[in-house]
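Here the structure is laid out as structure tokens; the discussion comes afterwards.
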Amino acid sequence: MLGPVILAASRSDRMRRLVSAAPVTKPVVDRFIPGENVGQVLPVIEELAGRGLELTMDVVGEDITSPAQAEAARDAYLELIDRLKPLGLGARAEMSVKLSMFGQALDGGHELALRNVRPVVEAAAEIGTTVTLDAEDHTTLDSMFAIHEELRRDVPQTGCVIQAYLFRTEADARRLAASGSRVRLVKGAYKEPAEVAYQQKHEIDKAYVRILRTLMEGEGYPMIGSHDPRLISIGQEMARLAGRKLDEYEFQMLYGIRGDEQRRLADEGHRVRVYTAYGTDWYGYFMRRLAEKPANLRFFVRSMVTKG
């Protein structure tokens with residue numbers, strides 16, 4: 001299994017230096033990350049929105065070691081919101097945030113992350129959009145869900161992410177579906193031990209389907225985070241059986257992956273949101289994209305062989 005090896009490499013400073021220095025890296029990274037700053041990604045946002053797609057924006061970076069860095073992450077999102085405001089896109093361009101960027105892993109991290117993310121959530125609501133709290137490794141989830149619950153008291157549309165490979169997620173899904181939350185379901189992209197997570201693809205896929213059924217039959221707003229054609233088809237059928245209208249759920253896919261499928265679904269009337277990351281600290285995000293799907297790794301290796 002290459003996935004765990006790549007995830008381990010995502011935490012290696014030596015591999016970071018090696019990959020970053022490779023001549024081929026930038027053009028390959030550009031496939032997944034369209035810019036390093038707000039000015040570079042605004043045209044991408046407008047282009048995707050003009051094609052009938054929606055977006056969720058992620059300012060990449062997770063290695064936060066000081067409160068000052070966490071505040072800088074907060075300010076980066078506030079700048080994004082300020083730049084989105086005149087575009088008038090409303091909920092078509094939301095934001096995804098990792099609480100690790102807001103100081104969750106520091107001393108007093110739970111309170112620090114809540115204090116930093118709250119103004120982002122409130123500012124997003126003021127321009128007619130919202131924020132989704134990304135899931136990270138399993139040790140952070142109780143804190144993430146508690147912050148999610150707290151934020152929803154004032155901004156009910158605040159969303160969160162759940163990961164199908166974790167044993168706990170079926171119970172989390174039942175609780176969130178009953179509460180009417182916005183929930184993005186993904187397979188999971190962190191290396192988790194066998195004590196807390198399924199390790200085999202077929203087990204993860206089965207869990208994904210069970211959890212998706214819970215969300216579709218619940219009171220919330222499901223967001224299907226997958227590029228898997230089979231799971232997309234199952235999601236469409238589940239939505240039909242649950243009597244959901246096309247605006248009562250959505251598909252989410254990564255920028256740079258299966259663009260034709262994104263457009264096909266949008267042309268059929270489905271809501272399709274493109275997860276679009278930007279920023280200079282791209283390495284961890286990029287390596288997880290390689291780990292998630294063998295085709296991404298083959299694309300990168302082929303590029304290194306042919307262009308390196």
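Just so you know, residue 1 is the first one in the sequence shown, and it goes up from there. These values consider heavy atoms only, across backbone and side chains, with no hydrogens, waters or symmetry-generated copies. None of these values were measured; they are calculated from a predicted model.
- Distance CE/M238 to OG/S233: 10.5 Å, rounded to 0.5 Å.
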Test side chain to side chain contact (heavy atoms under 4.5 Å, CB included) applied to L265 and Q236, step by step: CA-CA 10 Å; L265 289 168; Q236 289 176 296; 3.8 Å; yes
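- Between the CD atom of Q262 and the CD atom of E54 there is a distance of 12.0 Å, given to the nearest 0.5 Å.
- Taking NE2 of H110 as the start and CG of L99 as the end, the distance is 9.0 Å to the nearest 0.5 Å.
- We find that E203 and K206 are not joined by a salt bridge, their nearest charged nitrogen and carboxylate oxygen being 4.0 Å or further apart.
- The salt bridge (Lys or Arg N to Asp or Glu O under 4.0 Å) analysis of residues 155-179, with sequence neighbours excluded, yields the pairs D142-R168, R168-D172, E170-R210, D172-R175.
- Side chain of H227 to main chain of M253: no donor-acceptor pair is present (N/O by atom type, distance under 3.5 Å, no hydrogens or angles).
- Side-chain atoms of T140 and S100, non-hydrogen and from C-beta on, never get closer than 4.5 Å to each other.
- A salt bridge does not link R115 to E111: none of the charged side-chain nitrogens sits closer than 4.0 Å to a carboxylate oxygen.
- For residues 153-165, the salt bridge (Lys or Arg N to Asp or Glu O under 4.0 Å) pairs, not counting sequence neighbours, are R118-D154, E150-R153.
- Under the 4.5 Å side-chain heavy-atom criterion for ILVMFWY residues, a single connected hydrophobic cluster contains both M57 and V155.
- Using modelled atom types, no side-chain atom of E126 and backbone atom of V121 make a donor-acceptor pair closer than 3.5 Å.
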R92 vs L55, side chain to side chain contact (heavy atoms under 4.5 Å, CB included): CA-CA, chis, key distance, verdict: CA-CA 6 Å; R92 297 196 66 177; L55 300 97; 5.9 Å; no
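- No donor-acceptor pair closer than 3.5 Å links the side chain of S181 to the backbone N or O of V183.
- Q40 places a side-chain N or O within 3.5 Å of a backbone atom of E36 that can act as its donor or acceptor partner.
- Connectivity analysis of hydrophobic side chains (ILVMFWY, heavy atoms under 4.5 Å, direct or indirect) links V161 to V186.
- With rounding to the nearest 0.5 angstrom, the CE atom of M223 is 14.5 Å from the OH atom of Y249.
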Verdict with supporting geometry, M144 and C160, side chain to side chain contact (heavy atoms under 4.5 Å, CB included): CA-CA 8 Å; M144 185 274 281; C160 69; 4.0 Å; yes
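- At a threshold of 4.0 Å, the pair R263-D260 counts as salt-bridged, since one of the basic side-chain nitrogens sits closer than that to a carboxylate oxygen.
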Step-by-step salt bridge (Lys or Arg N to Asp or Glu O under 4.0 Å) determination, E149 to R152: CA-CA 5 Å; E149 183 176 350; R152 288 193 67 214; over 6 Å; no
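- The closest donor-acceptor contact from the side chain of Q69 to the backbone of S66 lies under 3.5 Å.
- Hydrophobic clustering (ILVMFWY, side-chain heavy atoms < 4.5 Å, transitive): M216 and L246 are in one cluster.
- The nearest pair of heavy atoms linking A49 to L89 is CB-CD2, 4.0 Å.
- Within 6.0 Å of CG in D107 there are 12 or fewer heavy atoms belonging to other residues, nucleotides or ligands.
- Listed for the H138 side chain is no donor-acceptor partner under 3.5 Å among the backbone atoms of L166.
- Two rings, from Y198 and F167, have their centers less than 6.0 Å apart.
- Between the side chains of T139 and D137, at least one donor N or O sits under 3.5 Å from an acceptor N or O.
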Check against side chain to side chain contact (heavy atoms under 4.5 Å, CB included), E71 and N116: CA-CA 7 Å; E71 291 172 3; N116 281 327; 3.9 Å; yes
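- To the nearest 0.5 Å, the span separating OH on Y208 from CD1 on I224 amounts to 6.0 Å.
- Looking at E250 and R273, a side-chain N of the basic residue comes within less than 4.0 Å of a carboxylate O on the acidic one, giving a salt bridge.
- Expressed to the nearest 0.5 Å, how far NZ of K187 lies from CD1 of I211 amounts to 12.0 Å.
- Heavy-atom neighbours of E261 CD from other residues, nucleotides or ligands within 6.0 Å: above the threshold of 12.
- For the pairing with E94, the side-chain hydrogen bond (donor to acceptor under 3.5 Å, both in side chains) check across T56, T130, T129 returns one residue only, T56.
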ring-ring contact (aromatic ring centres under 6.0 Å, His included) between Y190 and Y165, intermediate numbers included: CA-CA 10 Å; Y190 292 83; Y165 66 172; 8.0 Å; no
